[in-house]
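On a predicted model such as this, the values are computed, not experimentally measured, just so you know. Below, read A as the first sequence line, B as the second, and so on, with proteins coming before strands; counting in each chain starts at 1.
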Amino acid sequence: MIPVAFDYEVAESVDHAIELLGQHGEDAKLIAGGHSLIPIMRLRLAAPSVLIDLDRLDDLNYVRDEGDHLAIGAMTRHRDVHYNELVREHCGILGYTAGLLGDPSVQHRGTLGGTLAHGDPAGDMPSVISALEGTIVVKGPDGERTVGASDFFKDYLFTDLDEQEVVTEVRVPKLSSDTGWSYKKFSRRSQDWAIVGVAAVVEKSNGNIDSARIGLTSMGSTPIRATATEQALSGASPDQVAEAANSADEGTSPGTDDAASAEFRRHLARVWTRRAIEEALNR
Amino acid sequence: MQVKVNGVTYEHEVEPRLLLVHYLREVLNLTGTMVGCNTSNCGACTVLLGEESVKSCTMFAVQADGREITTVQGIAENGDWHPMQTAFHENHALQCGYCTPGMIMASISMLKENPDPSEEEIREALEGNYCRCTGYENIVKAVQQAAGQSA
């Protein structure tokens, strides 16, 4: 359980990290909190020849109120996201989910940018950011660009990031008082990956549903939106939720593994989507 | 790298792939910090980075360069146990003792963040520290006692 030997570089700034990525080529890997990367390096499922450490980039640890959205630095630790007052006030689902990842010691190291860049469809944060329709800011040698969550996650552990790009910021909308939310995670033990997770962000008006956005965890090779359920919920009343949730697994492609069969995952997606929407309506 | 561990500054040249837990145990001979699962689940290797609990199996030693680390062997003062150690002792919050160093460090970090935790909050904050002997009851009682003392 010892990683393959590698060279270690400390990035002094984002530009320095980009420069180092260019210098070391495709075998170099960025490390943020390391709580996805180090375990897979120890298992030798990953063996980068150079690690470029973003750990010292404290200027990427922030939460800013930008009017209609919050801007969160990519190196903001999950624990800091969890406790942040702005996040609690304006984007409860994000703070709640940050407090759900791993455990406090993991949250002290793990970062918001890191978990998105890792692009694990079994990760909780990617589906939450998808349901929020968040934006990921990335910087490369040619400057900065922004990528919507739906374009960012390409495939299993594969994102829109180019080889020389770094995630610098994540933007999420400020939710109004008419917006309910829920993140439901089904797993066997407290720290396990989600067998299925459901992130629901529901716009309410006069007791009915105006619109809903639902992100699913572990239901395919990327975080997936439950678009059929979203369409069925547009303008729906609360008594139509159960029926709408029955189409939550439409268009998904869950896998079978030791934890659950694909069929069971589909069942869970339908059940937990209903429960997530019901909770969002009451929150 | 230069690192302050339990108040003592050390300078070593290490391989980048050396994990912090192995640096503590094998280079500094601080074997109070345990190796458990190796995959950041069990919490046996928990130490403080600054004031925050981290799992030393999931951090490279070089990442601690310029930082301050506290292990279970650095919390007693002038030969007097830390209140958390006393509370674990008095509540018989251990049997085999393997998880205890990690439990104590995670509990100290928890009380820093939340000085007056409910029983449920204690259980949640220790979800990343496994104990296979006690069933956790006495561990929770110990943390409650320590919280009372420091409040």
Side-chain angles (χ1 to χ4, degrees), chain A residues 1-12 28-29 31-58 61 77-80 82-83 96 99-110 114 185 187 189-193, chain B residues 1 13-23 26 35-67 102-103 105-114 117 121-130 136:
Chain A
M1 297 269 305
I2 303 295
V4 172
F6 56 85
D7 289 330
Y8 177 74
E9 299 266 21
V10 176
E12 311 284 348
K29 185 91 186 144
I31 180 169
H35 275 61
S36 299
L37 184 58
I38 295 178
I40 62 174
M41 285 176 69
R42 297 197 65 164
L43 294 165
R44 300 209 171 187
L45 298 173
S49 59
V50 182
L51 270 195
I52 300 167
D53 198 352
L54 305 176
D55 198 36
R56 310 285 162 153
L57 301 185
D58 291 335
N61 186 341
R77 313 281 170 177
H78 298 311
R79 203 74 182 154
D80 295 332
H82 175 62
Y83 280 121
Y96 172 81
L100 205 69
L101 302 175
D103 58 67
S105 301
V106 170
Q107 292 161 23
H108 286 145
R109 295 290 297 158
K185 175 175 180 170
S187 55
R189 297 168 300 188
S190 68
Q191 289 182 85
D192 279 355
W193 299 114
Chain B
M1 60 176 282
E13 199 159 305
V14 299
E15 248 195 304
R17 64 171 166 172
L18 182 71
L19 291 145
L20 179 59
V21 69
H22 295 139
Y23 175 73
E26 290 161 23
V35 176
C37 68
N38 273 324
T39 50
S40 84
N41 289 294
C42 82
C45 65
T46 307
V47 299
L48 302 185
L49 171 67
E51 292 188 337
E52 292 183 335
S53 63
V54 297
K55 293 178 168 179
S56 60
C57 76
T58 307
M59 188 172 160
F60 294 111
V62 285
Q63 295 187 292
D65 180 35
R67 301 247 167 100
M103 280 290 176
M105 301 317 284
S107 299
I108 290 172
S109 177
M110 173 206 323
L111 291 189
K112 258 300 190 275
E113 283 180 12
N114 181 3
E121 286 171 333
I122 293 172
R123 288 180 184 275
E124 270 182 22
L126 291 177
E127 70 171 314
N129 291 78
Y130 294 176
Y136 302 97

Of the backbone (N, CA, C, O) and the side chain (C-beta and beyond), which part of A:Arg189 lies under 4.5 Å from a heavy atom of chain B, both, or neither? neither
Starting at CG of B:Asn114, measure out to OH of A:Tyr83 and round the result to the nearest 0.5 Å. 6.0 Å
Check whether the side chains of B:Glu51 and A:His108 place a donor and an acceptor atom closer than 3.5 Å, and report yes or no. no
Honestly, the part of A:Ile40 sitting under 4.5 Å from a heavy atom of chain B is neither
Heavy-atom side-chain contact between B:Leu19 and A:Pro3 under 4.5 Å: yes
Would you check if there is a donor-acceptor pair between the side chains of A:His35 and B:Ser40 at a distance under 3.5 Å? no
Can you tell me which of A:Met1, A:Arg79, A:Gln107, A:Arg109 forms the most heavy-atom pairs within a distance under 4.5 Å of chain B? A:Arg109
Given that the side chain runs from C-beta out, which part of B:Arg67 has a heavy atom under 4.5 Å from chain A: side chain, backbone, both or neither? side chain
Closest-packed option against chain A by number of heavy-atom pairs under 4.5 Å, given B:Asn129, B:Leu18, B:Asn38: B:Asn38
Using distance alone, with no hydrogens and no angle criterion, decide if B:Tyr130 and A:Gln191 have a side-chain donor and acceptor under 3.5 Å apart. yes
Whatever's closer than 4.5 Å to a heavy atom in chain B on A:Val10 counts as neither
Is there side-chain contact between B:Gln63 and A:Leu51, with at least one heavy-atom pair below 4.5 Å? no
Between B:Thr39, B:Val62, B:Leu126, which residue shows the highest count of heavy-atom pairs closer than 4.5 Å to chain A? B:Val62
Less than 4.0 angstrom from a charged side-chain N to a carboxylate O is my criterion; do B:Asp65 and A:Arg56 meet it? no
Value rounded to 0.5 Å, distance of CD in B:Glu124 from CG in A:Leu100: 9.0 Å
First locate atom CG of A:Asp103, then atom CG of B:Asn41, and finally report the distance between them rounded to the nearest 0.5 Å. 8.0 Å
Which bit of B:Leu49 is near chain A, if near means a heavy-atom gap under 4.5 Å: side chain, backbone, both or neither? side chain
Taking all non-hydrogen atoms of both residues, which atom of A:Pro39 and which atom of B:Thr58 are closest, and how far apart? CD-CG2, 3.9 Å
Nearest 0.5 Å, what's the OH-CD distance between A:Tyr8 and B:Glu15? 14.5 Å
Given heavy-atom pairs under 4.5 angstrom as the criterion, report whether the side chain, backbone, both or neither of B:Cys45 touches chain A. neither
To the closest 0.5 Å, what do you measure between CE (B:Met59) and OG (A:Ser105)? 12.5 Å
At what distance, to the nearest 0.5 angstrom, does CZ of B:Arg17 lie from CZ of A:Arg42? 11.5 Å
So which of B:Ser53, B:Ala125, B:Gly66, B:Gly128 has the biggest tally of heavy-atom pairs under 4.5 Å with chain A? B:Ser53
With a 4.5 angstrom heavy-atom cut-off, could you sort out which part of A:Asp53 is near chain B: side chain, backbone, both or neither? side chain
